[in-house]
**Student:** 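I have a structure here, written as structure tokens, and I will follow up with some questions on it.
Computed over heavy atoms, backbone and side chain alike; hydrogens, waters and symmetry mates excluded. Chain letters run A, B, ... following the sequence lines, proteins first and then strands; every chain starts at 1.
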Amino acid sequence: MTTGAVFLEAHDVTKRFGGLTAVDSVSFTMKLGTIKALIGPNGAGKSTMLNMLSGVYLPTSGRISVRTVDVTGQQAHKFVGLGIARTFQTVQLFGNMTVIENVVMGLHTKCKTGIIQSALRLPSVLREERMVFASAMEHLERVGLADRASELAVNLPYGQQRMLEIARAMASSPEMLMLDEPAAGLSMKETEHLALFVQEIRDSGIGVLVVDHDMRLIMDISDEVVVLDHGKKIAEGTPREVQTNPSVITAYLGEEAGDE
Amino acid sequence: MDARSQSPRYHFLAFPIVGALLAALPFALHNNYYIGVMVFIGIHTILALGLNLLMGYAGQVSLGHAAFYGIGAYTTAILTTMLKWPPWVGLACAPMVAGLAAYLIGMPTLKLKGHYLAMATLGFGMIVKILFVEYYPLTGGTSGMTGIPPLSLGKLQLVDDRQFYYVVWFFALMLIWVSYNIVESRVGRALRAVHTSEIAAASVGVDIAKYKIQVFVLSGVYSGLAGALYAHYIRFVNPDPFGFMFSIQLVVMVVVGGMASIWGAIAGASAITLLSQVLQRFEDYEVIVFGAILVLVMIYMPQGLTKSIVDLTARRRSAKPSKPEVLP
Amino acid sequence: MDLTSQILQYVLSGITVGAIYAIIALGFSLIYNAVEIVNLAQGEFVMLGAMLAVYVLQAAGVPLFAAVLIAIVVVGGVGALLGLAAIHRLKKSSPLSLIIITIGASIFFKGVAMHLWGKDALPLPAFSSGDAIEVHGAVLVPQSLWIFGITALMLLGVYIFYERTSFGKAMRAVAVNKHGARLVGINVNRMVVWAFAISAALGAVGGIIVAPVTLASYDMGTMLGLKGFCAAILGGLGSGGGAIAGGLILGILENLGAGLISSAYKDAIAFVVMLLILFVRPSGLFGGRSADGR
Amino acid sequence: MLVALVAGIICPAVGALAPYKIGGLFAITGPASPLGTPERDTALLMEKQINATGGINGHPVKLIIYDTKSTETDTVLAAKNLISQGVVAIVGPSQTGESLALLDTASRAGVPVISCAAGVKIVQPVNKWVFKTAQSDVHAVARLVDYMKKKGINKISILSVSNAFGDSGKQQLRIQCGAAKIKILSEETFGDKDTDTTSQITRIRGKRPQAVVCWGTNPGPAIVARNMKQLGLKIPLLMSHGIANHKFIELAGDSANGVIFPAGRLIVVNDIPASDPQKKALLAYANAFKKQYKRDPDTFGGHAWDAIQLVKEALAKVGPDKAKIRSFIENKKNYVGIGGIFNFTPQDHNGLGKNAFVLVTIQNGKWRLTK
């Protein structure tokens, strides 16, 4: 991984739902080893953008490329193979599985066991199981959840569920991680912990795309910020540049005076 | 360090016990009727196992599963009577043909969701049954096909109920083992993941369509084997047993037994098969009683027999169960 | 008889049965909209309507018109009871176990009907006497006209109920957003029970108007119910107009297929058509956007 | 499981002489229940009659009846249940498919099965242990073909129900019409739950046959008769012995008039001359049934009557030995029953000829012997 190399590009990406244009020809690039934040008032199209970049939505027009290869229209499950992992705005854990099984799911694409091998419980299957559970345990240790490995995921407190979701995403060893409002509902302390962890991830050479409302977190950790309003990109730059951008201020003040 | 659920160990303890009990059962039953009932419970267990994998784990409802059962039965019937192939070869081909049929049908239908999928499988089941009836040269029409040879081991023809009992339960136990392995593996986890959150499953790279079709084919294979066993047991096939009502009965077995539970499949198959025998004494009323029991079980045990009984014992053990909040 | 009049005959017969499918499909859609479950006992309402009408007519000696009314009201009541049973467990059960409840109910109704009225088919007199009408070499029995008329009335009635009455609007609100409806003070449970009652009554009407043509028997409901389900899916579940179109299309295609291709494959044709349409348009002809949200 | 274990154990009766157990398998529920119910009623009637007149050689008769639910699986299981309870013979089942499903079980257990179903396949090829008392469609078709030849009908259309009964009739019609040079212009089918056959009849109308032969059991043929009248198709409608009960007339109403079909003599017992050897047996059954159930018997019940009568005679003669009962029936000659005069041989386990049938016409809602 080369820090600073362009990993993902969005070219004039547009998404319409019926008559509503959620994202209106937005372009930007994601580099490895940087944290990029996607911000904007409610309904600006941040989550829609993220969903397109991870293959959940198909863009109405425009192009998405990963390492200059066009991946527009690929199915969502193929994006992991491209090196893209993500979390969700509302936590999407596999609640009926244990904590460690959730992380093991993150290792899904790293395993080869198919239906026939597993049906016969071949030795290779057992070997692979041991391998993935050990590796999953390491990921749990990184987020400090190792001691809760065999609990059901539903039983974790909310903050830990968020961290588990990130651990699951990290298990697929992505080159780019997308976090959709990772700090929503976290306490101050948990948010700090999250910030450190995200920076640690960045420092290991992974590109991180963050969508969040917590401006302090965003301004603290981001290297670059993209601002969306009504589906359009209205600004892009360092946190400092964006903060002083007049159209950004109008967009935020016009929409909601509070927050920052 | 094994951090997974404790169930595997529990299961591997249960497995030999159940196996031993089943092996001993014929010695306790001095009556071919009970053995016959057990044979059908075995056949129905195989069917319910396959459908349970599909419904309980992959979350796909099929209202046409009797068709695969029928395809299995007819495959071996045709191969062994018309082509005079050996019965074991017929028995081996039946699941393959049923699996192939499941693949061909699954490719277009599994793109559908919910009730649309249910209706498509129902339609498919209807069409297959009509083909059994109308494709006279191959299937013998409604009068069916007689003269299907029995299975044999060397020179020994397995015509006796007891012998056949062991054959059926050998396959049933093997498939229980296989199903259990699948459920407790990468594939099983992926299926459970799809069931909880399709979007999250896709985000970790689970190819949902691939697993759906694989499970659909697998359940077709199970049903095909069950059908072949039926054909070599009764040694006669006709279209009637493979109709819509039996498809419904299979769904009932799975739901009553408990979805997403391997042992639930056995419980459901046993409960429904036995119930219909016990209800004989009600004569004209049996249909009414059966319907009423079904409604009551579903109202008071919506999770099915196995889960409800487990819940009940769990509740007794700890007065107040901590009901975990379901994730959004 | 030339080919055109043959085809006309197939179409006329198709519309007659198609009208029945449409009424049943409408019943499916009503309940589906209210609780999002598929009521597999819908066909039994059709059967109960027909059988009750015959029974009341013979046993009580009342005029046909009164027998029909009694049958419709009673079946509506039975539907309401099933609705009560369903909502009793609505929150705690999966859709599948609710469907199994309706299957159990359907078996139960069939058993009761078999016990009360026997295993043989029973006749119901036509609503009016008179000879068949000839149209370009094809014939139409007077009862078919009754079927067309009453079906049209029913559909109009359902439309007016939904669009013009506050009760109907409330029910539609429940269909669109249960939670929101509850917030604005609509008693959702009551609406669900009413949805069951109305769709049962609709089914009963279907059974009664078709009985003079097809006879009434305790096991007539299963196949009619399935075809109605088929029609509802064809049109798109939950869509009223779709249910009607689905029913008519199914009836006509099925008869054309039986006539022009092979009567042996009559039912197969109906289901093949349904499968093909589902493969091309996975949410039915008039359903909402495809389930594939990308 | 335990419930079933306990439920199935039947205590042996105590008394002067042990009862003879006869098994009955009838489709009491399910699609074939209109057949199975009168068979069951007849069987119960005979049990009562036999025991009221002192049983068989002093032994009371115990009939154990199970419902096959019109399904093959339940038939086989119920048969195993009966066999394990030591019945000397099984009467029934009601349907061809169910009977064929029993072939293997019957011969393996060595129990005589006397089926009440019509399909020829039940006795062809001959299974040592399986008999049937219902007349074969071979003979019914033969009667109809004779009639058509006599009336100069040589172009027909066939309309048959898509079940074993309809299939078998269709096969026979093909064979025998071919031999008699009667041309089959078209073959249509309808489902056994179909509620409308106008499209089939429209097709037939386009072919312009001289007569329509409809092969099915209720309620389909009644719908066919109604639809034919509605569509104004005024050619002879010939049907099968499957409509030989009151239900058909009740269901078809006016449309039933003029329908001609082959049937056993039971339904026209009053038209039959006193010289007919079957008259006495027919009246005995008809009167007994009417007295008990306050309704007329039908031919299906008659099949059960014949089957049980055969078992009774065998028991009286050879005692409760299954093999002996089997060979008694196999060699029984000149048994005058309801379905006809039976002459069994090792090659013919039905024992009836085409004289088992007469042709019946429906006139003003009544059955009349066709002149």
**Student:** Taking Lys78(A), Arg86(A), Met105(A) one by one, which has the highest count of heavy-atom pairs under 4.5 Å against chain B?
**Tutor:** Met105(A)

**Student:** Measure distances from Val187(B) to the heavy atoms of chain A and classify the residue's part below 4.5 Å as side chain, backbone, both or neither.
**Tutor:**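 Side chain only.
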
**Student:** Work out which heavy atom in Leu120(A) is nearest to a heavy atom in Trp177(B); give both atom names and the distance.
**Tutor:**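 Reported closest heavy-atom pair: O-CH2, 3.5 Å.
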
**Student:** Would a 4.5 Å heavy-atom cut-off, applied to side chains only, mark Ser197(B) and Phe88(A) as touching?
**Tutor:**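 When only atoms from C-beta onward are counted, Phe88(A) and Ser197(B) do not touch, as no gap falls below 4.5 Å.
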
**Student:** Quick check on Leu175(B) against chain A: is it the side chain, the backbone, both or neither that has a heavy atom closer than 4.5 Å?
**Tutor:**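 Nothing of Leu175(B), per the 4.5 Å heavy-atom cut-off to chain A.
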
**Student:** Once rounded to the nearest 0.5 Å, what's the spacing between atom OG of Ser185(B) and atom CG of Leu126(A)?
**Tutor:**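 Atom-to-atom, Ser185(B):OG and Leu126(A):CG are 10.5 Å apart.
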
**Student:** Please flag which part of Lys112(A) lies under 4.5 Å from any non-hydrogen atom of chain B: side chain, backbone, both or neither.
**Tutor:**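 Backbone only.
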
**Student:** Is there side-chain contact between Ile208(B) and His77(A), with heavy atoms separated by less than 4.5 Å?
**Tutor:**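 A side-chain contact is absent here, since even the closest heavy-atom pair is not under 4.5 Å.
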
**Student:** To the closest 0.5 Å, what do you measure between CD (Glu198(B)) and CD (Gln92(A))?
**Tutor:**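 If we round to the nearest 0.5 Å, Glu198(B):CD and Gln92(A):CD are 11.0 Å apart.
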
**Student:** Less than 4.5 Å to any heavy atom of chain B: does that hold for the side chain of Val99(A), its backbone, both, or neither?
**Tutor:**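 Val99(A) has no heavy atom closer than 4.5 Å to chain B.
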
**Student:** Who are the side chain to side chain contact (heavy atoms under 4.5 Å, CB included) partners of Tyr103(B), not counting sequence neighbours?
**Tutor:**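 Testing Tyr103(B) for side chain to side chain contact (heavy atoms under 4.5 Å, CB included), a comparison that skips the adjacent residues, returns Met107(B), Ile213(B), Val217(B).
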
**Student:** Quick one: are Ile115(A) and Leu218(B) in side-chain contact, heavy atoms under 4.5 Å?
**Tutor:** yes

**Student:** Does Arg121(A) use its side chain to pair, donor to acceptor, with the backbone of Asn181(B) at less than 3.5 Å?
**Tutor:** no

**Student:** Got a donor-acceptor contact below 3.5 angstrom from the Arg192(B) side chain to the Met97(A) backbone?
**Tutor:**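 Between the backbone of Met97(A) and the side chain of Arg192(B) there is no qualifying donor-acceptor contact (under 3.5 Å).
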
**Student:** Heavy-atom count around Ile116(A) CD1 within 6.0 Å, excluding the residue itself: above 12?
**Tutor:** no

**Student:** If you check every heavy atom in residues 221-230 of chain B against those of chain A, which residues fall under 4.5 Å?
**Tutor:** none

**Student:** Could you tell me which non-hydrogen atom of Val204(B) sits nearest to which non-hydrogen atom of His108(A), and how far apart they are?
**Tutor:** O-CB, 3.8 Å

**Student:** Where do Val178(B) and Ala119(A) come nearest, in terms of heavy atoms and distance?
**Tutor:** CG1-CB, 3.5 Å

**Student:** Heavy atoms only, distances under 4.5 angstrom: which of Asp207(B), Thr196(B), Ile182(B) has the most pairs with chain A? Name it, please.
**Tutor:**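 Highest number of heavy-atom pairs under 4.5 Å: Asp207(B).
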
**Student:** Going by an N to O cut-off under 4.0 Å, is there a salt bridge joining Arg189(B) and Glu129(A)?
**Tutor:**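 Answer for the salt bridge query: yes.
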
**Student:** Pick from Leu107(A), Thr113(A), Thr109(A), Val132(A): which one has the most heavy-atom pairs with chain B under 4.5 Å?
**Tutor:** Thr113(A)

